[in-house]
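Comments concern the structure below.
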2 protein chains.
Amino acid sequence: MNRNSHQRNVILEELRRVKTHPTADEVYLMARQRVPKISLGTVYRNLELMAEKGIIRRLDYVDGARRYDGDLTPHQHFLCRDCGRLYDLFLDLHESLEKVRSLAGSFQISEIKVELIGSCPQCQTGSKDSPSSSGCSTGAEF
Amino acid sequence: MNRNSHQRNVILEELRRVKTHPTADEVYLMARQRVPKISLGTVYRNLELMAEKGIIRRLDYVDGARRYDGDLTPHQHFLCRDCGRLYDLFLDLHESLEKVRSLAGSFQISEIKVELIGSCPQCQTGSKDSPSSSGCSTGAEF
DNA sequence: GTCTCTGCAAAGGTTTTGCAGTAAC
DNA sequence: GTTACTGCAAAACCTTTGCAGAGAC
């Protein structure tokens, strides 16, 4: 069904190589260093295809452009409101997951996406690059 | 500081009136029935402004266009993979929230976004409108 | 009177798509 | 040989922005 194209392999390898949840455009720039004639459309098509197949993860829930993650191990993402960095957190939330499942009753859950937002360790210690504009959302959305 | 414009009030009322997490464009269509000359730009500006003030909720983590929610009470969203509907779920996740906070260590969490994905009660009982294309993501991302 | 907000329209950014040619099988 | 995939370019979206005028206070 699917063919094993050089471009697709490069895209996957580049995505797995970095830890930075790149956008399609960023993947395009990385891939172009190895396949100079690769097109942005090809990158979009392959990222979407691999996300559908479950080979990579698509991050819809972060601000702005869609991002992709080559790391399939269960983990969460932490977005620092001060510096804008996106961190990987590996929290063991099995128990919480089970609780959510049981609470959801007849809604059959196959996937739970969690995004944490706040202030990262670096931004808490003194040097705040860019303090958040308005102090809203103190109450969590959980 | 902020002025009390008629357009802003209409936008807020319309958003609160419905349960359908509309996009900016959908809010625009609703608002236009009451303020025919309202512009899309005004809708975007006001939604963004109210989201920043914490008067409404902005849903970044759902597919496609950004959506807004006029309901500020803590709740989660459930996206049905089969029919595409977006449900509100009111699960009490205080305990889980506390656990996440403690696990996150030096990452100071101010907000936790949770999205649940799966199959809704209606789609489970027989009549599947459009069965999911590929059986990926059986493991949760938690 | 001041200053924020509006409508309009244009621009900006991201993602999708049509098509003819290329490459994988 | 067949058919999925590619590069290119245009189109389709969604969102933001500049500006002059209107409206809130």
Side-chain angles (χ1 to χ4, degrees), chain A residues 1-15 20-69 79 84 86 130 133-134, chain B residues 1-15 20-53 55-69 79 84 86 133-134:
Chain A
M1 191 155 190
N2 285 327
R3 285 173 187 176
N4 185 25
S5 84
H6 181 221
Q7 285 88 338
R8 184 172 306 150
N9 289 335
V10 168
I11 289 168
L12 181 56
E13 285 169 20
E14 289 302 308
L15 183 60
T20 59
H21 321 90
T23 61
D25 195 68
E26 287 163 352
V27 174
Y28 168 61
L29 292 176
M30 299 188 302
R32 209 165 54 167
Q33 306 207 339
R34 291 175 52 189
V35 187
K37 294 206 71 183
I38 199 171
S39 81
L40 187 54
T42 295
V43 173
Y44 270 101
R45 274 185 284 234
N46 278 300
L47 287 173
E48 212 42 42
L49 191 148
M50 291 190 290
E52 250 175 47
K53 297 243 161 229
I55 298 168
I56 63 175
R57 261 171 76 172
R58 200 177 106 168
L59 310 182
D60 281 319
Y61 46 105
V62 178
D63 253 30
R66 184 175 295 160
R67 294 180 172 277
Y68 295 88
D69 191 345
L79 178 67
L86 189 64
S130 58
S133 48
S134 63
Chain B
M1 192 151 186
N2 285 328
R3 285 175 188 175
N4 185 24
S5 84
H6 181 222
Q7 286 88 336
R8 185 172 306 151
N9 289 334
V10 168
I11 290 169
L12 181 55
E13 283 169 22
E14 290 302 309
L15 183 60
T20 58
H21 321 89
T23 61
D25 197 67
E26 287 162 354
V27 173
Y28 169 61
L29 292 176
M30 300 189 301
R32 209 166 50 166
Q33 306 207 339
R34 292 175 53 189
V35 188
K37 294 207 71 182
I38 200 172
S39 80
L40 187 56
T42 295
V43 173
Y44 269 102
R45 272 186 284 233
N46 279 300
L47 287 173
E48 212 42 41
L49 190 148
M50 291 190 289
E52 250 175 47
K53 298 240 161 234
I55 298 168
I56 63 175
R57 259 170 77 174
R58 199 177 107 167
L59 310 182
D60 281 320
Y61 46 105
V62 178
D63 255 31
R66 186 175 295 161
R67 295 179 172 278
Y68 295 88
D69 191 345
L79 178 68
L86 189 64
S133 49
S134 63

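Labels below follow one simple rule: chain letters A, B, ... track the order of the sequence lines, proteins then strands, and each chain is numbered from 1. These values consider heavy atoms only, across backbone and side chains, with no hydrogens, waters or symmetry-generated copies. Treat the numbers as computed from the prediction; the structure is a model and nothing was measured.
- In this structure, the side-chain hydrogen bond (donor to acceptor under 3.5 Å, both in side chains) partners of B:N4, at least two apart in sequence or on a different chain, are B:N9.
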Exercise. If a protein heavy atom is under 4.0 Å from the base, mark B; if only from the sugar-phosphate, S; if neither, -; do that for nucleotides 20-25 of chain D going 5' to 3'.
Key: ---BBS
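- Rounded to 10°, the helix from C:dG1-D:dC25 to C:dC25-D:dG1 has 40° between the axis fitted to its first five pairs and the one fitted to its last five.
- Protein atom CD of B:E26 is 14 Å distant from nucleotide atom P of D:dC13, rounded to whole Å.
- In this structure, CD1 in B:I38 is found 10.0 Å from CZ in B:R32, a value given to the nearest 0.5 Å.
- In this structure, B:N46 atom CG and C:dC5 atom C1' are separated by 8 Å, rounded to whole Å.
- For the side-chain hydrogen bond (donor to acceptor under 3.5 Å, both in side chains) test, residues two or more places apart in sequence or in another chain that qualify with B:T42 are B:S39.
- Between B:Q7 and C:dG7 there is a side-chain polar atom (N or O) within less than 4.0 angstrom of OP1 or OP2.
- For the salt bridge (Lys or Arg N to Asp or Glu O under 4.0 Å) condition, no pair includes a residue of residues 1-11 of chain B, sequence neighbours left out.
- Considering all non-hydrogen atoms of both residues, A:L40 and A:A24 come closest at CD1-O, 4.3 Å.
- Not counting sequence neighbours, B:R45 has no partner by the side-chain hydrogen bond (donor to acceptor under 3.5 Å, both in side chains) test.
- Of the residues A:L12, A:D69, A:L49, A:N46, the one that meets the side-chain contact (heavy atoms from CB on, under 4.5 Å) test with A:I56 is A:L12.
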Please tabulate, one pair per line, each protein N/O and nucleotide N/O from nucleotides 12-17 of chain C that are separated by under 3.5 Å, including the distance.
residue : atom : partner : partner atom : Å
C:dT15  : OP1  : A:R66   : N            : 3.0
C:dT15  : OP2  : A:Y44   : OH           : 2.5
C:dT15  : O5'  : A:Y44   : OH           : 3.3

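- In this structure, B:T23 OG1 and B:L29 CG are separated by 8.0 Å, a value rounded to the nearest 0.5 Å.
- With sequence neighbours left out, A:E26 forms a salt bridge (Lys or Arg N to Asp or Glu O under 4.0 Å) with A:R67.
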Could you write out each protein N or O paired with an N or O of nucleotides 10-12 of chain D at a distance under 3.5 Å?
none

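- Nearest to the side chain of A:K37, among C:dC5, C:dC8, D:dC8, sits D:dC8.
- Going from atom CZ of A:R8 over to atom C1' of C:dA23 covers 12 Å, rounded to whole Å.
- With sequence neighbours excluded, the residues forming a salt bridge (Lys or Arg N to Asp or Glu O under 4.0 Å) with A:E14 are A:R17, A:R34, listed by chain and number.
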Exercise. Step by step, work out the side chain to side chain contact (heavy atoms under 4.5 Å, CB included) result for B:V10 and B:M30.
Key: CA-CA 9 Å; B:V10 168; B:M30 300 189 301; over 6 Å; no
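- For the segment residues 27-35 of chain A, the set of residues with a heavy atom within less than 4.0 Å of an atom of DNA chain D is empty.
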Practice problem: Run the numbers on A:I11 and A:M50 for side chain to side chain contact (heavy atoms under 4.5 Å, CB included), then give the verdict. | Solution: CA-CA 10 Å; A:I11 289 168; A:M50 291 190 290; 3.7 Å; yes
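- Judged as a side-chain hydrogen bond (donor to acceptor under 3.5 Å, both in side chains), and not counting sequence neighbours, the contacts of A:E48 are A:R58, A:Y68.
- With rounding to the nearest 0.5 angstrom, the CG atom of B:L47 is 10.0 Å from the CZ atom of B:R66.
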